[in-house]
Amino acid sequence: MSLASSTITDLRQKLVAKEISPSDIIRDLASAIEQKNPTLGAYLGWDVEKALAHAEQADLTQPLGGIPIGIKDNINVLGEPCSCGSKMLAGTYRAPYDAGAISSLRRAGAVPLGRLNMDEFAMGSSTENSALGITRNPHDLERIPGGSSGGSAAAVAGDIAIATLGSDTGGSIRQPAALCGCVGLKPTYGRVSRYGLVAFASSLDQIGPITKTVADAALLLNSLCGKDPRDSTSLDVAVPDFTQALGQDIRGMRIGLPREYFVAGIHAGVSAALQAAVKKLEALGAIPVEISLPHTDLGVSTYYIIAPAEASANLARFDGVRYGHRSPKANDLLEHYMMTREEGFGPEVKRRILLGTYVLSSGYYDAYYLKAQRARTLIRQDFEKAFESVDLIVSPTSPAPAHKLGELKDNPLAAYLEDIFTIPVNLAGLPAISLPCGHAIEDGASLPVGLQMIAKPLDELTLLRAADAFERQ
Ligand code: GLN
């Protein structure tokens with residue numbers, strides 16, 4: 001097996017035994033990237049020399065010592081481009097500092113390597129909203145990798161990254177992980193610092209790992225979590241050793257199956273894979289319990305009010321004065337703002353800014369934004385109630401396997417509706433993981449299906465324990 005296709009766990013063993021050096025890994029990855037990235041389009045850029053220089057300095061006694069990690073293009077890494085898949089920032093902006101998550105990775109000995117493609121400003125579920133190129137699903141090159149962290153998932157699945165960071169506002173770690181057949185974990189809101197993550201919807205955004213195995217997700221999480229005084233929403237709570245969750249059994253664990261999630265309309269192959277997954281969990285000793293999350297149908301509309309509202313405020317900073325693109329055509333200040341934003345943002349970002357500005361405008365605020373906040377509370381309460389009787393909730397991650405490129409591009413509403421299972425988790429601030437649970441056949445292609453597990457706030461240990469037991473079986 002090549003180094004590029006190895007897990008963090010395997011590479012760490014080899015590094016500690018001095019069978020390989022960190023630069024061997026970077027060199028192997030670099031040649032894999034050069035060979036495969038022209039087809040996959042997962043990376044927007046990578047700087048091998050810089051990674052080699054950092055790798056030589058890496059402290060191998062640290063838990064991630066010498067391990068290269070690919071980074072989604074909305075997380076600031078000192079001196080590197082951070083374009084958020086947008087013309088607004090591409091070619092003009094370089095990060096003047098490290099994001100909190102990057103500082104944590106560096107402290108743990110990891111080496112950031114490469115910038116991974118994404119839907120522009122993380123808005124989308126296919127990576128087709130990137131202004132900077134197409135990313136393809138390694139399982140079928142005619143299909144989307146999911147999104148918005150599509151580059152992060154395609155790189156891991158295509159063996160051109162060992163592991164990557166993504167960000168998840170409404171499913172953007174879990175859904176691409178599901179569609180590409182990898183493991184994606186969205187931590188509890190506040191577990192990981194958002195300092196230096198370009199904000200999309202600040203009450204929902206969270207950084208997390210995309211990996212080849214559950215064990216690797218646990219390892220990365222160990223280093224990523226913790227209070228950061230530069231992000232006031234980051235939580236000052238104890239960080240357990242998440243690897244303790246590995247190798248355990250799940251006998252007696254109560255697994256909730258939400259009635260509202262197992263409905264008609266789910267792709268037959270996804271449904272079948274889920275049923276088989278529930279059987280497998282039962283065989284491992286878990287106890288399935290039917291539960292209800294009665295406000296599930298409010299999730300998508302609630303999210304598509306709150307997220308654009310926050311985005312419209314967050315994206316106001318891209319005005320051509322402080323960051324990135326600046327229109328050369330403007331004659332006065334107003335034109336400067338208007339032309340810069342007209343030229344810099346793509347259609348989906350503009351749609352979100354319009355939606356967000358509308359729902360926040362006076363006269364509509366109560367009817368939309370305030371109402372959405374109330375619905376958000378109901379959704380959170382549904383989960384609180386459900387977790388009184390179960391330890392974990394399972395569902396499909398996405399109602400369908402990867403679509404063909406272009407299939408939903410002109411139908412944003414259909415794309416929004418596919419976020420139905422991932423969005424409620426962000427609205428409630430919960431931790432959740434997606435892991436592979438089989439395949440669905442579509443047009444002769446065998447496509448990965450993701451199983452989503454959702455846990456109580458801060459209970460990533462239960463999530464990892466169940467996911468690891470499932471994966472080992
Ligand atoms: N697909 C969702 C959206 O378009 C979620 C994106 C995300 O989690 N960043 O907003």
Side-chain angles (χ1 to χ4, degrees), residues 72-75 84-86 116-131 135 144-153 164-180 184-187 189 192 194 197-210 299-312 314-315 345-356 359 372 376 397-400 402-403 407-434 450 452 454:
K72 186 176 179 179
D73 198 31
N74 59 351
I75 301 173
C84 299
S86 180
L116 292 157
N117 201 14
M118 54 183 280
D119 284 301
E120 185 174 6
F121 287 103
M123 298 171 187
S125 315
S126 68
T127 313
E128 293 171 290
N129 295 336
S130 170
T135 302
I144 58 162
S148 64
S149 315
S152 300
T164 58
L165 292 190
S167 68
D168 191 314
T169 304
S172 278
I173 289 174
R174 291 160 285 156
Q175 185 260 19
L179 270 42
C180 286
L185 192 152
K186 183 201 93 71
Y189 182 74
V192 179
R194 291 182 300 109
L197 166 69
V198 177
F200 164 11
S202 309
S203 76
L204 302 160
D205 298 340
Q206 207 31 208
I207 290 174
I210 297 183
V300 172
S301 41
T302 301
Y303 172 90
Y304 279 98
I305 290 172
I306 292 175
E310 295 183 16
S312 70
N314 277 326
L315 270 58
F345 290 138
E348 183 62 28
V349 174
K350 286 180 186 151
R351 186 178 296 126
R352 304 280 180 117
I353 293 174
L354 282 172
L355 273 171
V359 299
R376 182 175 188 172
T397 306
S398 169
H403 292 289
E407 205 175 314
L408 291 187
K409 203 159 189 272
D410 298 320
N411 194 348
L413 192 58
Y416 296 172
L417 288 170
E418 294 212 337
D419 296 337
I420 179 163
F421 301 129
T422 49
I423 271 175
V425 170
N426 300 72
L427 290 169
L430 304 173
I433 194 167
S434 177
Q452 176 174 241
I454 310 167

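Atoms within each ligand, like the ligands themselves, are counted from 1 in listed order. Below, all heavy atoms of this structure are taken into account, side chains as well, without hydrogens, waters or symmetry copies. Small disclaimer: the values here were computed from a predicted structure and weren't measured. We're numbering straight along the sequence, starting at 1.
- Although no hydrogens or angles enter the test, the distance criterion places no donor-acceptor pair under 3.5 Å between the side chain of D119 and the main chain of G147.
- With a 4.5 Å cut-off on side-chain heavy atoms, P187 and Q206 count as touching.
- The atoms of ligand 1 that sit less than 4.0 Å from any heavy atom of G124 are 1 (N), 2 (C), 3 (C), 4 (O), 6 (C).
- Protein heavy atom at the shortest distance from atom 6 (C) of ligand 1 is S172 OG, 2.9 Å.
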> S202 and R194: side-chain contact (heavy atoms from CB on, under 4.5 Å), yes or no, with the steps?
Replying inline: CA-CA 9 Å; S202 309; R194 291 182 300 109; 3.7 Å; yes
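- Only the side chain of D419 comes within contact range of ligand 1, with a heavy atom under 4.0 Å; no backbone atom does.
- Heavy-atom contacts of M123 reach the following atoms of ligand 1: 4 (O) (cutoff under 4.0 Å).
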>> For a side-chain contact (heavy atoms from CB on, under 4.5 Å) check, start with the C-alpha distance between R376 and I306, then their side-chain angles and the critical distance, and finish with the verdict.
In response: CA-CA 9 Å; R376 182 175 188 172; I306 292 175; 3.8 Å; yes
>> As a quick check of understanding, evaluate side-chain contact (heavy atoms from CB on, under 4.5 Å) for E120 and E348, giving each step before the final call.
In response: CA-CA 8 Å; E120 185 174 6; E348 183 62 28; over 6 Å; no
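- Aromatic ring centroids of Y416 and Y304 lie under 6.0 Å apart.
- For E348, the closest heavy-atom approach to ligand 1 does not fall below 4.0 Å.
- Annotation for ligand 1: atoms under 4.0 Å from non-hydrogen atoms of Y303 are 2 (C), 3 (C), 5 (C), 6 (C), 10 (O).
- Taking 4.5 Å as the limit, some side-chain heavy atom of T422 sits within range of a side-chain heavy atom of D419.
- Here is the list of ligand 1 atoms found below 4.0 Å of a heavy atom in G170: 5 (C), 7 (C), 8 (O).
- Listed by number with element, the atoms of ligand 1 under 4.0 Å from a non-hydrogen atom of A122 are 6 (C), 7 (C), 9 (N).
- When hydrogens are left out, the protein atom nearest atom 1 (N) of ligand 1 is S125 OG, 2.7 Å; that is the closest non-hydrogen contact.
- Side-chain atoms of T127 and T135 form no donor-acceptor pair, as typed in the model, at a separation below 3.5 Å.
- Heavy-atom proximity to S148, at under 4.0 Å, picks out these atoms of ligand 1: 9 (N).
- Numbered from 1 in the order shown, with element, the atoms of ligand 1 that lie under 4.0 Å from a heavy atom of Y304 read 1 (N), 2 (C), 3 (C), 4 (O), 10 (O).
- Per-residue contacts place F200 under 4.0 angstrom from the following atoms of ligand 1 (heavy atoms of the residue considered): 9 (N), 10 (O).
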